[in-house]
Amino acid sequence: MTIYLCGFMGCGKSTAGRALADMMGLKFTDMDAYIEKKAGMSIPQIFAEKGEDTFRKLETESVAELGKAGGIIACGGGAMLKEINAKTASEYGTVVYIDVPYDVCYDRISGDTNRPIVMANTKESLEEIYKERVPLYTAHSQITADGTGSPAEIAARIRENVNNYLKVQKG
């Protein structure tokens, strides 16, 4: 089984994803950490030395590679914005959008120096990015899950939503 978690930075993809993996007995992979290992450098270094386009290409490759491996995959905030990534992810598994209000995300990510987009933007400009991304997250996922509550509550909600979705898909 493969479940891709998508959503804005700070929505809880990694935290809830680890809890979900434990709950379901599946492997957990943080896509950003996977990309860092693959590239041999941090995400800020990739952006600074090779540019965002290189990072996005690595992201596209990683969607497929991780889909083949299976498990719970916490995608970077921009991974499911590209239609090709969403299409590939849906071929390998189920994409879940973790829906969290902007202010909650911002409180979690403000000052995070490992997020180049956060460091390059104001709170207001990040909110504009959030508003632009939400319709794409919704369009590129099969399931939307409420991302409020504890990581265990979010994970349980995602598991239930995925199980219900897969039952319907099987007919």
Problem - side chain to side chain contact (heavy atoms under 4.5 Å, CB included), paired with Leu81, selected from Glu132, Arg56, Arg133 - result: Arg133
Exercise for the section: Verify the cluster assignment for Phe47 and Met31: are they in a single hydrophobic cluster under the rule of side-chain heavy atoms below 4.5 Å apart? Expected result: yes
Handout entry: Close side-chain approach of Ile98 and Val100, heavy atoms under 4.5 Å
Key = yes
Handout entry: Glu61, CD atom: more than 12 neighbouring heavy atoms under 6.0 Å
Key = yes
Problem - pair Leu5-Ile73: side-chain heavy atoms closer than 4.5 Å - result: no
Exercise for the section: Using modelled atom types only, decide if a donor and an acceptor are shared between the side chain of Thr15 and the backbone of Gly12 within a distance under 3.5 Å. Expected result: no
Practice task
Go through Glu91 and Lys87 one step at a time and tell me if the salt bridge (charged side-chain N to carboxylate O under 4.0 Å, His left out) criterion holds.
Solution key: CA-CA 6 Å; Glu91 289 170 4; Lys87 184 176 185 291; 2.9 Å; yes
Practice task
Please report the shortest heavy-atom distance between Leu58 and Ala39, naming the atom on each side.
Solution key: CD1-CB, 4.0 Å
Handout entry: Atom pair CD/OG1 of Gln169 and Thr94 - distance to nearest 0.5 Å
Key = 8.0 Å
Exercise for the section: Mind listing the closest non-hydrogen atom pair of Thr148 and Pro101 along with its distance? Expected result: CG2-CD, 4.2 Å
Handout entry: Distance (rounded to the nearest 0.5 Å) between Glu127 CD and Tyr102 OH
Key = 5.5 Å
Problem - Asp30 and Phe28, any side-chain heavy atoms less than 4.5 Å apart - result: yes
Problem - Check: Ser125 main-chain N/O paired with Glu128 side-chain donor or acceptor under 3.5 Å - result: no
Handout entry: Distance-only donor-acceptor check, side chains Thr144 and Asp99, under 3.5 Å
Key = no
Problem - Heavy-atom side-chain proximity of Thr29 to Lys27 below 4.5 angstrom - result: yes
Completion exercise
Output for pair (Ile109 CD1, Cys11 SG), nearest 0.5 Å, gives 10.0 Å
Practice task
Is it possible for you to say whether Leu20 and Tyr34 belong to one hydrophobic cluster, with membership spreading through side-chain heavy-atom contacts below 4.5 Å?
Solution key: no
Practice task
Look at Glu65 together with Lys38 and state whether they make a salt bridge at an N to O cut-off of under 4.0 Å.
Solution key: yes
Practice task
Taking Asn85 for its side chain and Ala79 for its backbone only, find out whether a donor-acceptor pair lies under 3.5 Å.
Solution key: yes
Problem - Tyr137 side-chain N/O to Tyr97 backbone N/O, donor-acceptor pair under 3.5 Å - result: no
Practice task
Treating Ile, Leu, Val, Met, Phe, Trp and Tyr as nodes and any side-chain heavy-atom pair under 4.5 angstrom as an edge, say whether Leu136 and Val134 lie in one connected cluster.
Solution key: yes
Exercise for the section: Would you please test Ser110 and Lys123 for side-chain hydrogen bond (donor to acceptor under 3.5 Å, both in side chains) and show each step? Expected result: CA-CA 8 Å; Ser110 83; Lys123 180 179 183 181; over 6 Å; no
Practice task
Please examine the side chains of Tyr4 and Val63, heavy atoms only from C-beta on, and report whether any two atoms are closer than 4.5 Å.
Solution key: yes
Completion exercise
To the nearest 0.5 Å, atom CG of Leu26 lies from atom CD1 of Ile3 at 6.5 Å
Exercise for the section: Indicate the atoms forming the closest heavy-atom contact of Ala155 with Ala16, along with that distance. Expected result: CB-O, 3.8 Å
Practice task
Check whether any side-chain heavy atom of Gln142 sits under 4.5 Å from a side-chain heavy atom of Val96, and report yes or no.
Solution key: no
Exercise for the section: Walk me through it: do Met80 and Val95 pass the test side chain to side chain contact (heavy atoms under 4.5 Å, CB included)? Expected result: CA-CA 9 Å; Met80 288 302 140; Val95 181; 4.1 Å; yes
Practice task
Starting at CD1 of Ile143, measure out to CZ of Arg157 and round the result to the nearest 0.5 Å.
Solution key: 13.5 Å
Practice task
Begin from the C-alpha positions of Lys50 and Met41 and carry the test side chain to side chain contact (heavy atoms under 4.5 Å, CB included) through to its verdict.
Solution key: CA-CA 11 Å; Lys50 303 204 179 220; Met41 60 178 70; 3.7 Å; yes
Practice task
Could you tell me how the ring of Phe8 sits relative to the ring of Tyr130: parallel (under 30°), tilted (30 to 60°) or perpendicular (over 60°)?
Solution key: perpendicular
Practice task
Verify side-chain hydrogen bond (donor to acceptor under 3.5 Å, both in side chains) between Ser62 and Glu59, making sure each step is shown before the conclusion.
Solution key: CA-CA 5 Å; Ser62 298; Glu59 207 169 44; over 6 Å; no
Handout entry: Distance in Å, Leu66 CG paired with Ile72 CD1, rounded so as to fall on 0.5 Å steps
Key = 12.0 Å
